[in-house]
There are 2 protein chains.
Amino acid sequence: MSLTHIQSFVAVAEEGHVGRAARRLHLSQPPLSRHILSLEDELGTPLFERTPRGMRLLPAGTAFLAHARRILAEVDAAVHTVRKAAVDVPEAN
Amino acid sequence: MSLTHIQSFVAVAEEGHVGRAARRLHLSQPPLSRHILSLEDELGTPLFERTPRGMRLLPAGTAFLAHARRILAEVDAAVHTVRKAAVDVPEAN
DNA sequence: CTGCCTTACGACTGGCGTAAACATT
DNA sequence: AATGTTTACGCCAGTCGTAAGGCAG
């Protein structure tokens, strides 16, 4: 599992469509599709239902989405916190 | 930034020593050292003070550590939640 | 036949490990 | 000299993109 996979998952969940999510992520469809498959494989369960119109979240996918957003938000917060800490305490003499 | 980097950071922070952290992660020192350097580079600031005895957390590193643990915990929770959801709702007819 | 997801495949980047270099006591 | 981190370097694995395949309406 990687942060890239998680970002991919969130994008597909929000777009409901691999193609659109791929454009949003500046990526082509196949790698993005593989990200999702890899994630599902690792979790041992499908996260989306494949329809002719796109991808629809399954219950497991909905459950994962909440965590995924928290993870990404926490990463973002970590970056900001560190940069702030580095400025606030340039040297701890 | 990747989850691997974050795990590496936590291990080094806890061990205070790249060598021991590497053994704990079943990894050799050089890649682990590179993870830390890569993270510091990406964040734009050092996270550890290098001493002849090992690695000591700087204030920025301490700030990052709290977030890092939350991220890893959240990932873990995500995995468990999904597996549970997949079992609880095998098929939503 | 059209739209969408997935698999095949060749090419490239990234990451590992061994070995060597640097630094400090 | 000993301990610990970092750089050099060759190799393997993972990931990308283009192209082809499969499936449902």
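All values below come from the heavy atoms of this structure, side chains included, with hydrogens, waters and symmetry mates left out. Residue numbers begin at 1 in each chain, while the letters A, B, ... track the order of the sequences. Keep in mind it's a predicted model, so treat the numbers as computed, not measured.
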**OP:** Could you work out which one of C/dT6, C/dA19, D/dT5 sits closest to the side chain of A/R50?
**Re:** C/dT6
Original post:
Going by an N to O cut-off under 4.0 Å, is there a salt bridge joining A/E40 and B/R83?
Top reply: no
**OP:** May I have the distance from A/R53 (atom CZ) to C/dT2 (atom C1'), rounded to whole angstrom?
**Re:** 13 Å
Original post:
Charged N to carboxylate O under 4.0 angstrom, A/E15 versus A/R23?
Top reply: no
Original post:
Hey, is the main chain of A/L58 close enough, under 3.5 Å, to the side chain of A/E49 for a donor-acceptor pair?
Top reply: no
**OP:** Can you figure out which of C/dC5, D/dT15, D/dT6 approaches the side chain of A/H35 most closely?
**Re:** D/dT15
Original post:
Once you round it to whole Å, what is the distance between P of D/dC16 and CG of A/L25?
Top reply: 11 Å
Original post:
Tell me: CZ of A/F9 to C1' of C/dC5, nearest whole Å?
Top reply: 17 Å
**OP:** Taking the six-membered ring for Trp and the single ring otherwise, decide whether the centroids of A/F48 and A/F64 are under 6.0 Å apart.
**Re:** no
**OP:** For DNA chain C, find the residues of residues 37-49 of chain B with a heavy-atom distance under 4.0 Å and give them by number; none if there aren't any.
**Re:** none
Original post:
So does A/R34 reach the base of D/dG17 with its side chain, donor to acceptor, closer than 3.5 Å?
Top reply: yes
Subject >> Minimum heavy-atom distance between B/S33 and B/V18, given as atom pair plus value >> reply: N-CG1, 4.3 Å
Original post:
Starting at the 5' end of DNA chain D, which residue's closest nucleotide do you reach first, B/P30 or A/L32?
Top reply: B/P30
**OP:** Under 4.0 Å between any heavy atoms, over every strand shown, what does B/H5 touch: base, sugar-phosphate, or nothing? Just pick one.
**Re:** nothing
Original post:
Hey, does the side chain of B/H26 come within less than 4.0 Å of C/dC16's phosphate (OP1/OP2), counting only N and O?
Top reply: no
Original post:
Between C/dG3 atom P and A/M55 atom CE, what is the distance in whole Å?
Top reply: 19 Å
Original post:
Atom CE of A/M1 to atom P of D/dT15: distance rounded to whole Å?
Top reply: 14 Å
**OP:** Could you check which of D/dT18, C/dC5, C/dG17 has an atom nearest any side-chain atom of A/S28?
**Re:** D/dT18
Subject >> NZ/NE/NH1/NH2 to OD/OE distance under 4.0 Å, A/R20 and A/E14 >> reply: no
**OP:** Indicate, with a heavy-atom threshold strictly under 4.0 Å, whether A/I36 touches base, sugar-phosphate, or nothing.
**Re:** nothing
**OP:** Would you mind telling me which of D/dG4, D/dT6, C/dT24 lies closest to the side-chain atoms of B/P52?
**Re:** C/dT24
Original post:
Does A/S33 have a side-chain nitrogen or oxygen under 4.0 Å from the phosphate oxygens OP1 or OP2 of C/dT6?
Top reply: yes
Original post:
Does any non-hydrogen side-chain atom of B/H17 lie less than 4.5 Å from one of B/M55?
Top reply: no
Original post:
Which nucleotide in the list D/dC16, C/dC16, C/dT18 gets nearest to the side chain of B/L27?
Top reply: C/dC16
Original post:
Roughly how many Å is it from CD in B/Q29 to C1' in C/dT18, rounded to a whole number?
Top reply: 11 Å
